[in-house]
Undergrad: 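Dropping the structure in here first, questions after.
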Amino acid sequence: MSSGSSPRQLADQFAALLYPPRVADEDVDHAALVRGLGLGEELRRSTGANLPATDHAALAEAAVHLYNLLATRRSGSMPKIAVSGLLRLGRPGWLMTRRLLLRGTLGTEAVGPLLESLPPHCGLGLLQVCLSGPKPPSKQLLPWVEPLAKKLCSRPLDEVVPFFLELEAEQDSLAPVLGAALRHDSLLQELQQGLESPQGDPAAVWDLSAICIRHLEASTLVPTLANALLHPAIPTSAQRITQLARTAGPGNTAAIKTLQQIIRRGAAATIPACIAALAQLSWPGTGRLAARLHCKSKRLARALAVVASQLPPAAYQQYLHHLPEAERPVLEAGVVRASSRVQPAFVQARTRTDRTLPKESQRQLQSTFSAQHGPFPDAWQAVPEPATGPIRTQRGSGLLSRLLPTKKNSLADLLERSHSPRDKSLPGSELRNAALTGRTLTNLNLSGSYLEQTQIIRTNFSGMDFSNATFLEADFTGCTF
């Protein structure tokens, strides 16, 4: 196989070589065929971060082929060859190996020696799927998992970085038990020294360090990471600003100060990202600062309107309050314009039925939709307003909040009271014409519920019961289940 084969070609070659058309009584040496694929470097190279979805699917398919082969041919050198290939295939192969172990098809005594000859991230990945499943490791795996974790987690930073890159590519969270083992003084010191005295490209060092620190939840290193972002050799990009906010978490003083310094540098391209990051860090002055920056230039005002559409209600309210009165309709129209790029039909339908917008905001919105989606009807307020909805709003709240009608059901009431509701039984609930962003819903019984024209963005669902629920024009964007 050539070194330039794609994951799709790799999966197709597996299928063709492992299950070839054959005549009666023909004997096929599957072990020789697998060896001929040159699994080693090819598979390791293919499991890099940022693979297209089609390549991930191809690697998962290749893992299924190897799993089927190992499940049916357990003699000779086949287990060693097949398991070595599975462990190099990234998460799909790790999951298949875990399944083989739990079923007893593969013994731990066969996997241990193989891991000695493989890069450490292969063993760490297998431990990750063994320790982060819905149930704790079975009793037969625990005596094997614990010493293996202790051994692999003591490896130097450069040997475990590929494992963190795998987690990042899969958008996976580090298993708590594995995280505690990896968060030892030696590894943390390596990370700190690398940020303070980077070897090689400082920007690349910063990017890798941010990924490692976030997955390790090493909060003691966030000030070092934040200060390093001000290094003159590290270009300040929106992606790195977002990465810092994700790593730091709400209320981190060092990250907030760094973002304020970046804003003071005056680079217009990074200011909107800084405002979004400050809101993510729950800095109480985010809206006031956004309003001050809004008034500096029309170009910046347009960019900040896009950010404002994603701000928490309190920050948006503060932003609107500190703007000159003449600028408020411009901001409101800009927010709706930005939102309409994501969900044009939903936003236009809600603005048609809203009766609380000031006349100047109505004029701005009519201009917006005349240019982008056709003119509003003359009687744009004549459409009957829905009688039910998810969230009760107070007078004077943000524009998008006013576009949502009043609530009449228990789920809506719960979402109004709590940003992250959990452990409630609300069967048969209704949610209509709602827009929810950045929520966390845990252990809610929503069996038989009805969700209509609802947009849910970047929301985490865990332990949910949606049995017999109905979803009509409900969009889930960037959510995890």
Undergrad: Which atoms form the tightest heavy-atom contact between Leu86 and Ala63, and what is the distance?
TA: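 For Leu86 and Ala63, the tightest heavy-atom pair comes out as CD2-O, 3.5 Å.
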
Undergrad: Which residues pass the side chain to side chain contact (heavy atoms under 4.5 Å, CB included) test with His184, not counting sequence neighbours?
TA: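 Scan of His184 (side chain to side chain contact (heavy atoms under 4.5 Å, CB included), adjacent residues dropped) gives Ser186, Leu187.
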
Undergrad: Does some side-chain heavy atom of Ser209 sit less than 4.5 Å from a side-chain heavy atom of Val205?
TA: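 Answer yes - side chains close enough.
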
Undergrad: Evaluate Ile263 against Leu278 for side-chain contact (heavy atoms from CB on, under 4.5 Å), listing each step before the verdict.
TA: CA-CA 11 Å; Ile263 290 175; Leu278 287 170; 4.0 Å; yes

Undergrad: So, taking the atom named CZ in Phe164 and the one named CG in Leu182, what distance separates them when rounded to the nearest 0.5 Å?
TA: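 It is 5.0 Å, given to the nearest 0.5 Å.
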
Undergrad: Using side-chain contact (heavy atoms from CB on, under 4.5 Å), reason through Leu165 and Leu208 one step at a time and then give a plain yes or no.
TA: CA-CA 8 Å; Leu165 292 178; Leu208 289 175; 3.7 Å; yes

Undergrad: Between CG of Leu87 and OG1 of Thr97, what distance do you get to the nearest 0.5 Å?
TA: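 The distance works out to 4.5 Å.
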
Undergrad: Start with the C-alpha gap between Phe466 and Leu444, add the side-chain angles, then the distance that decides, and say whether side-chain contact (heavy atoms from CB on, under 4.5 Å) holds.
TA: CA-CA 9 Å; Phe466 283 118; Leu444 299 183; over 6 Å; no

Undergrad: Using atom types as modelled, flag every donor-acceptor pair under 3.5 Å from a side chain in residues 286-295 to any protein atom, sequence neighbours excluded.
TA:
unit_1	atom_1	unit_2	atom_2	d
Thr286	OG1	Trp283	O	2.8
His294	ND1	Tyr319	OH	2.8
His294	NE2	Glu327	OE1	2.9

Undergrad: Please name all residues satisfying side chain to side chain donor-acceptor pair (under 3.5 Å) with His215, sequence neighbours left out, ordered by chain then number.
TA: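 Checked His215 against side chain to side chain donor-acceptor pair (under 3.5 Å); matches are Glu168.
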
Undergrad: Please enumerate all residues that pass side chain to side chain contact (heavy atoms under 4.5 Å, CB included) together with Ser282, with sequence neighbours excluded.
TA: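 Ser282: side chain to side chain contact (heavy atoms under 4.5 Å, CB included) contacts with Pro250.
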
Undergrad: Minimum heavy-atom separation for Arg439 to Leu415, with atom names?
TA: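 Closest heavy-atom pair between Arg439 and Leu415: NH1-O, 3.2 Å.
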
Undergrad: Which value, rounded to the nearest 0.5 Å, describes the distance between Asp172 atom CG and Leu167 atom CG?
TA: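 Here the interatomic distance stands at 5.5 Å.
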
Undergrad: Show me the pairs that pass salt bridge (charged side-chain N to carboxylate O under 4.0 Å, His left out) and involve residues 144-155, at least two apart or across chains.
TA: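 Only Glu116-Lys151, Arg155-Glu159 qualify under salt bridge (charged side-chain N to carboxylate O under 4.0 Å, His left out).
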
Undergrad: Would you say the side chain of Leu178 lies within less than 4.5 Å of the side chain of Phe163, judging by non-hydrogen atoms?
TA: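 Yes, their side chains come closer than 4.5 Å.
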
Undergrad: Should Leu126 and Val111 count as side-chain neighbours, where that means a heavy-atom distance under 4.5 Å?
TA: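 Side chain of Leu126 against side chain of Val111, heavy atoms only: contact under 4.5 Å found.
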
Undergrad: Backbone N or O of Gly90 within a donor-acceptor pair of the Glu166 side chain at under 3.5 Å?
TA: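 It does not hold such a pair.
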
Undergrad: Would the distance check show the side chain of Arg328 and the main-chain N or O of Leu320 forming a donor-acceptor pair, the cut-off being under 3.5 Å?
TA: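 Yes.
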
Undergrad: Calculate, to the nearest 0.5 Å, the distance between atoms CZ and CZ belonging to Arg302 and Arg299 respectively.
TA: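 The CZ atom of Arg299 is 8.5 Å from CZ of Arg302, to the nearest 0.5 Å.
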
Undergrad: State the SG-CH2 distance between Cys130 and Trp94, to the nearest 0.5 angstrom.
TA: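 Between atom SG of Cys130 and atom CH2 of Trp94 there are 11.5 Å.
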
Undergrad: Name every donor-acceptor pair, under 3.5 Å, that has one atom in a side chain of residues 216-234 and the other anywhere in the protein, sequence neighbours excluded.
TA:
unit_1	atom_1	unit_2	atom_2	d
Asn227	ND2	Pro223	O	3.2
His231	ND1	Ala233	N	2.9

Undergrad: Specify the closest pair of heavy atoms between Ser84 and Leu114, including all atoms of both residues, with the distance to one decimal.
TA: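 Here Ser84 and Leu114 meet closest at N-CD1, 4.2 Å.
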
Undergrad: State, yes or no, whether a side-chain contact exists between Pro272 and Val306 at a heavy-atom distance under 4.5 Å.
TA: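 No - every pair of side-chain heavy atoms lies 4.5 Å or more apart.
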
Undergrad: Residues two or more places apart in sequence or in another chain: which of them pass side chain to side chain donor-acceptor pair (under 3.5 Å) with Asp423?
TA: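 Counting only residues at least two positions away or on another chain, Asp423 forms a side chain to side chain donor-acceptor pair (under 3.5 Å) with Asn443.
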
Undergrad: Quick check: do Ile456 and Cys479 have side-chain heavy atoms less than 4.5 Å from each other?
TA: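 Sidechains of Cys479 and Ile456: in contact.
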
Undergrad: Can you list everything that forms a side chain to side chain contact (heavy atoms under 4.5 Å, CB included) with Val177? Sequence neighbours excluded, please.
TA: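 Partners of Val177 by the side chain to side chain contact (heavy atoms under 4.5 Å, CB included) criterion, ordered by chain and then number, come out as Leu131.
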
Undergrad: Quick one: are Thr270 and Ser237 in side-chain contact, heavy atoms under 4.5 Å?
TA: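 They are not in contact (no side-chain heavy atoms under 4.5 Å apart), so the answer is no.
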
Undergrad: How close do Gly249 and Leu281 get, heavy atom to heavy atom, and via which atoms?
TA: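 Looks like O-CD2, 3.0 Å.
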
Undergrad: Does the Thr454 side chain pair with the main chain of Leu451, one donor and one acceptor, at a distance under 3.5 Å?
TA: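 The answer is no, because no donor-acceptor pair under 3.5 Å joins these two groups.
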
Undergrad: Using modelled atom types and a 3.5 Å cut-off, is there a donor and acceptor pairing between side-chain atoms of His322 and backbone atoms of Gln318?
TA: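 Side chain of His322 to backbone of Gln318, a donor-acceptor pair under 3.5 Å: yes, one is there.
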
Undergrad: To the nearest 0.5 Å, how far apart are OG in Ser173 and CZ in Arg214?
TA: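 One finds 9.0 Å between OG of Ser173 and CZ of Arg214.
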
Undergrad: Any idea which heavy atoms bring Cys153 and Leu124 closest together, and the distance?
TA: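 The pair with the smallest heavy-atom distance is SG-CD2, 4.1 Å.
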
Undergrad: Taking all non-hydrogen atoms of both residues, which atom of Leu157 and which atom of Cys212 are closest, and how far apart?
TA: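 In terms of heavy atoms, the two residues are closest at CD1-SG, 4.5 Å.
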
Undergrad: Step by step, work out the side chain to side chain donor-acceptor pair (under 3.5 Å) result for Arg91 and Gln128.
TA: CA-CA 9 Å; Arg91 184 174 175 79; Gln128 166 74 9; over 6 Å; no

Undergrad: Can you list every salt bridge (charged side-chain N to carboxylate O under 4.0 Å, His left out) pair that touches residues 194-209, not counting sequence neighbours?
TA: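 Residue pairs with at least one partner in residues 194-209: Asp207-Arg240.
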
Undergrad: Hey, mind stepping through Phe481 and Thr459 against side-chain contact (heavy atoms from CB on, under 4.5 Å) and telling me if it holds?
TA: CA-CA 9 Å; Phe481 293 84; Thr459 293; over 6 Å; no

Undergrad: Got a sec, which residues hit side chain to side chain contact (heavy atoms under 4.5 Å, CB included) with Ala277, two or more places apart in sequence or on another chain?
TA: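 So Ala277 forms a side chain to side chain contact (heavy atoms under 4.5 Å, CB included) with Ile241, Ala245, Leu259.
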
Undergrad: Tell me, please, which residues at least two apart from Thr480 pass side chain to side chain donor-acceptor pair (under 3.5 Å).
TA: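 Checked Thr480 against side chain to side chain donor-acceptor pair (under 3.5 Å); matches are Asn460.
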
Undergrad: Taking the side chain as every heavy atom from C-beta outward, state whether Gln280 and Pro312 have any pair of such atoms under 4.5 Å apart.
TA: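 In short, these two side chains do not touch, never coming nearer than 4.5 Å.
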
Undergrad: So do the side chains of Ser420 and Leu441 get within less than 4.5 Å of each other, counting heavy atoms only?
TA: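 Result no, sub-4.5 Å side-chain heavy-atom pair not found.
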
Undergrad: Who passes salt bridge (Lys or Arg N to Asp or Glu O under 4.0 Å) against Asp158, sequence neighbours left out?
TA: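 Not a single residue meets the salt bridge (Lys or Arg N to Asp or Glu O under 4.0 Å) criterion with Asp158.
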
